[in-house]
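From a predicted model like this one, the values you see are computed outputs, not experimental measurements. These values consider heavy atoms only, across backbone and side chains, with no hydrogens, waters or symmetry-generated copies.
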Amino acid sequence: MPSATLTIDPAFTIAPVNRRTFGTFVEHMGRCVYTGIYEPGHATADEDGFRKDVLELTRELGASVVRYPGGNFVSGYRWEDGVGPREGRPRRLDLAWHSIETNEFGLDEFIRWCAKAGVEPMMAINLGTRGVQEALDLQEYANHPGGTALSDLREQHGASPYGIKLWCLGNELDGPWQVGHKTPTEYGRLAAETARAMRMIEPDLELVACGSSSSAMPLFGTWEREVLRETYDLVDYISCHAYYGDDDGDTASFLASAVNMDRFIESVVATADHIGAELKSRKKIGISFDEWNVWYRDRSRRTDGPGDQWEVAPRRIEDEYNVTDAVVVGNLLISLLRHSDRVGVACLAQLANVIAPIMTEPGGPAWRQPTFHPFAITSRLAAGQVLQVRTNSPTVSTTKHGEVPAVDAVATYDEGRLTVFAVNRSTEGPIEVTIDVSRAGVTTVDEAVLIHDADPLATNSATQPDRVTPQPLESAQLADGKLTITLPAISWTALSLSTD
Ligand code: AHR
């Protein structure tokens, strides 16, 4: 059997584990909101119409921050439509997803839902069809304590200030599909003006400028450079978005998707630091990786059926994930954690039904996709400091990423507790992995779980919700400061060790 070694030292830290790495995303798209998190009349619905089964799964997922309300949707959205008495709310055309938006759920409901889910809101503003004034109005409504028209309106709606700290200045405005698509200079100027004005109300907001919607965009690099030239002193983060897929049957490349994520993050960091150098600034711009996931089964952007109907909450991109997808998601989390020194926020897109870890049926059950598990386990176990892991591994040849290590790993260390997350990205067979944990002084394996299946295409469903679940990793053995495990082909594992 091929073998790999990992060496870990608690002294070699990268950065503290950032809870905002475990963010997700709720967009008004398909059934993410309607019949996803919100379904009045459902057997589990609470007094607000929120599905309690989905709230419970969101808490189990370990989500920390939730981005809202889009996505492409936000670029044509009027936030005022979704506040106050429901009876008066207008129905609107949603151009992004070719749907009807009823506005039954809006900002007021989202903030109540966040409180119940125990998550922090991350609010995106419309810089597609709108501009500075509407962003300021939204901020006044959401955050100003009172005594002005919009803060008093919120009070009339029965709500205290929302205290939203984290704001996205638009969404994917580099994309020609975006309503209000812009050049980097047009967007950079608008983002800078908006940020400057928002900081006149609250100087300590955390603001995210839009980066590229993927590292394959024609302007990738140029977009970040031009946008940051306009906004460097005014924003805290630049965003990255990435979706990975096995669409062309190239499973070896798909399994190594985290290599692309590593390069993506490092390229954006290099570009941001270049602008920092030009400006002779000590400030470092962080990365908000506020859309990431596996997405390849349903790429339909507008209509999923004949007739091109305008419907309310149609089924859109409801990818059914398998074991291989879960291994890739686990590896993408390894990449995000490894870059904790620069990645300040990350959001798995999305939360319910739409390329999501949680699936629901209207009037029916909610269940976990296989991708739910690596996310929930990583969120639960990652703590303290992220550690560098020295990896010596056999390699895998991929057409998209070249020769890559078959084993990839990251570790965290928190007061005597060491946690290791690792993947075997090979499709060929098992690899014996020896982990030198002697410098951590750990003596007990408290938890060792594995995501793997004899059928790498196995999925969960409403009728078989637990076909794919984490299994105990029976092979884990710890002796003389060396932990030995056997990682089957296409597998992800988490190991938690302590000093008793
Ligand atoms: O998450 C689905 C869509 O993907 C989002 O609306 C958009 O920002 C991205 O292109």
Side-chain angles (χ1 to χ4, degrees), residues 1-9 251-252 254-259 322-335 337-338 370-371 373-378 380-382 387-398 403-413 417-440 442-458 467-498:
M1 189 190 311
S3 61
T5 56
L6 307 180
T7 307
I8 296 170
D9 187 328
T251 305
F254 175 51
L255 278 163
S257 297
V259 173
N322 59 40
V323 172
T324 306
D325 301 331
V327 171
V328 172
V329 163
N331 197 180
L332 294 171
L333 279 163
I334 289 173
S335 169
L337 274 175
R338 176 165 45 232
T371 53
H373 297 292
F375 190 102
I377 295 168
T378 308
R380 178 168 59 81
L381 292 179
L387 304 182
Q388 293 174 25
V389 175
R390 232 357 93 87
T391 306
N392 202 329
S393 163
T395 58
V396 172
S397 294
T398 70
E403 199 78 2
V404 307
V407 175
D408 190 27
V410 74
T412 66
Y413 185 75
R417 175 166 301 282
L418 177 70
T419 304
V420 182
F421 305 98
V423 278
N424 177 357
R425 311 193 272 213
S426 164
T427 53
E428 300 295 317
I431 299 180
E432 187 182 72
V433 184
T434 304
I435 312 174
D436 182 348
V437 294
S438 54
R439 291 172 195 79
V442 287
T443 47
T444 310
V445 181
D446 298 315
E447 191 170 340
V449 283
L450 182 72
I451 310 264
H452 169 73
D453 200 281
D455 175 8
L457 302 181
R467 164 68 184 80
V468 180
T469 53
Q471 301 299 316
L473 175 66
E474 309 287 1
S475 66
Q477 283 189 5
L478 177 60
D480 303 327
K482 297 245 181 328
L483 175 68
T484 309
I485 55 175
T486 301
L487 283 187
I490 316 182
S491 68
W492 174 92
T493 193
L495 305 141
S496 174
L497 302 99
S498 68

Point to revise | Note, L333 side chain near F375 side chain (heavy atom, < 4.5 Å) | key: yes
Exercise for review: Test L495 against I435 for side chain to side chain contact (heavy atoms under 4.5 Å, CB included), laying out the working first.
Suggested key: CA-CA 11 Å; L495 305 141; I435 312 174; 4.0 Å; yes
Point to revise | Lys/Arg-Asp/Glu bridge criterion (N-O < 4.0 Å) met for D453, R467 | key: yes
Practice item. Please examine the side chains of D446 and R417, heavy atoms only from C-beta on, and report whether any two atoms are closer than 4.5 Å. Key: yes
Study note, to complete from the structure: CG of D408 to OG of S335, rounded to nearest 0.5 Å, is 8.0 Å
Review point. Any side-chain heavy atom of T434 sitting closer than 4.5 Å to one from S3?
Key: no
Exercise for review: Dump the intermediate steps for side chain to side chain contact (heavy atoms under 4.5 Å, CB included) on S257 and L332, then the final yes or no.
Suggested key: CA-CA 7 Å; S257 297; L332 294 171; 4.3 Å; yes
Check your understanding: For the atom pair CZ (R439) and CG (L418), what is the distance rounded to the nearest 0.5 Å?
Key -> 12.0 Å
Review point. Can you tell me how far CG of D9 sits from CG of L387, rounded to the nearest 0.5 angstrom?
Key: 8.0 Å
Exercise for review: Mind checking the CD1-CZ spacing from I377 to F421? Nearest 0.5 Å is all I need.
Suggested key: 9.0 Å
Point to revise | Partner of L6 by side-chain contact (heavy atoms from CB on, under 4.5 Å), out of N392, D436, V407 | key: V407
Review point. With distance as the sole test, does N322 use its side chain to make a donor-acceptor pair with the main-chain N or O of T324 at under 3.5 Å?
Key: yes
Check your understanding: Do the side-chain N and O atoms of E432 and T486 include a donor-acceptor pair separated by under 3.5 angstrom?
Key -> no
Practice item. For the pair T371 and D325, evaluate side chain to side chain donor-acceptor pair (under 3.5 Å) and give the outcome as yes or no after the intermediate values. Key: CA-CA 7 Å; T371 53; D325 301 331; over 6 Å; no
**Study point:** T493 side, atom OG1; I451 side, atom CD1 - distance, nearest 0.5 Å
**Key:** 9.0 Å
Exercise for review: Would you mind reporting whether S475 and L450 have side-chain heavy atoms less than 4.5 Å apart?
Suggested key: no
